[in-house]
Structure formats: structure tokens, C-alpha cells
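Structure first, commentary second.
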Amino acid sequence: MEKTKIAVLVSGGGTNLQALIDAQKTGILHSGKIELVISNKADAYALTRAENAGIKTATVIKKNCASAMDFENKILSVLDENGIELIILAGFMSILSEHFTSKYPKRILNVHPSLIPSFCGEGFYGLRVHEAALNYGVKVTGATVHYVNEITDGGEIILQKAVEIKEGDTPEVLQKRVMEEAEWILLPRAAELVSEKIQSEK
Ligand code: GAR
């Protein structure tokens, strides 16, 4: 059966992209194939990871676009040209509007580094999420993989995993633990679950 065609959208280091690439190698991700990586930052290390794995890349920079809608339309055309069926936001630091999300209902996944509905929504991304969790003083945090809709971090939850906060944690230390213990495990699993679902519906 033909594999679900996946595009991964990135902005930074791409460790979650790497987890997906590794999951393809080990077979944890077998119902879908990463066909394309799109970055909104020209210098994202995630692009190097994609190239090293022989995956096609594209870069779309917002400030080079006429408008926010033009930025989204450019991404949409690359997705369309490549016949993409599932979009995975893996550290993609730009919020997609309803114009974009409505075109892929239950076909866009995001990984967020907290237990939604805590520490999520606009302004909560990357290290800021961990800073907020530490400032609040919660003793448990984690990661969430969810479908993306028009509400920032508001789509249906697919998988979640809790991670312990330890005495003396800095945002950086906590970020690493959440990635290792939750994100890099959950994202490939969710990618497989949804890829399999799309495949079975063909
Ligand atoms: C990850 O922790 C991801 O969950 C987070 O950014 C980091 C990207 O790291 N995403 C968000 O905060 C989205 N709201 P990576 O580039 O190494 O995968």
C-alpha cells in the first residue's frame, strides 16, 4: 500500500525532525514517508538534517512574502506540488491561520512541550514554555501531540506524556528532559498512528 506522504515544517534545530527520520529507519514510522521538509528560517539546522537524510527541502521566508497570506499560500503550493497528505509541525515557530489549517482538517500535527491546556497558546513556544512552567512551580510537565486547527494549541489531543520537574532545573535542562522523555517518543508514534489512519482511508 502506498505510504502517506508527509511534510515536516521546521524553524530551528530539528531534533524532533531527527526523531521522525530515525523512526523511519527503525520502522516505528512505516505507514508514512517524509517526502519534504519546509523551513521558514534559511539557517535552520533542521535543513541540514533533512539533506543528510536525503530528504527534499524548501525554504519560505515570511519577510520575503508580500503578506501573511502570501507566506501561507507559498507553503500551500509546495505542499500541493508534492502531493502531501500529512503535515507535521516540528518546532515550527510561526502560527498558521484558519486560511491554512482549514485546508488540512485532521491532517496537521503539532508537538508542544507542555501538558496542554497548561502553558500553551500564543507566546508559549520553545524555552518560554519551560520558563513559564518553572516560574509557576508545577512539579510535573510533559509534552503533547495534537491536531492543529484555527485555535493555537487548541486542536484535539492525540498523545500526551508527563515528565517530572526536578529541584534546580533550568529551562534548558527541563527542555532537554521533556524532549528525551516525551517529545522524541510521542511525535513518531503519533505520526505513525495518523499515517496509518490516512492510508486505511484511501
Ligand atoms: C520543541 O521543544 C518543540 O516542542 C517546541 O520547540 C522545540 C523545537 O525543537 N515547539 C513549540 O514550542 C511549538 N509551540 P526542535 O527544533 O529541536 O525539534
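Order of listing sets the numbers, starting from 1, for every ligand and every atom in it.
- Remark: the backbone N or O of Ser114 is paired with a side-chain donor or acceptor of Thr144 at under 3.5 angstrom.
- Considering backbone and side-chain N/O atoms, Asn16 comes within less than 3.5 Å of an N/O atom of ligand 1.
- The shortest heavy-atom distance from Phe124 to ligand 1 is under 4.0 Å.
- At the top of the distance list for atom 14 (N) of ligand 1, counting protein heavy atoms only, stands His112 ND1, 3.4 Å.
- Using a 4.0 Å heavy-atom cutoff, Met93 is listed among the residues neighbouring ligand 1.
- In terms of protein heavy-atom proximity, atom 9 (O) of ligand 1 is closest to Met179 CE, 3.4 Å.
- Relative ring orientation between Phe71 and Phe92 is described as parallel, the plane-to-plane angle staying below 30° on a 0-90° scale split at 30° and 60°.
- For NZ of Lys74, the number of neighbouring non-hydrogen atoms (other residues, nucleotides, ligands) closer than 6.0 Å is greater than 12.
- The nearest heavy-atom contact from the protein to atom 8 (C) of ligand 1 is Gly91 CA, 3.6 Å.
- Counting protein heavy atoms only, atom 16 (O) of ligand 1 is closest to Gly14 N, 2.8 Å.
- Using a 4.5 Å heavy-atom cutoff, the side chains of Tyr104 and Leu96 are not in contact.
- Under the side chain to side chain donor-acceptor pair (under 3.5 Å) criterion, Thr57 pairs with no residue at all, not counting sequence neighbours.
- The N/O atoms of Asp153, backbone and side chain alike, include none that comes under 3.5 Å of an N/O atom in ligand 1.
- Closest protein heavy atom to atom 12 (O) of ligand 1: Gly126 N, 2.8 Å.
- When hydrophobic side chains of Ile, Leu, Val, Met, Phe, Trp and Tyr are connected at separations under 4.5 Å, Met93 ends up clustered with Tyr125.
- Here the heavy atom of the protein found nearest to atom 1 (C) of ligand 1 is Glu183 OE1, 3.1 Å.
- Using a 4.5 Å cut-off on side-chain heavy atoms (C-beta onward), Val163 and Glu180 make no contact.
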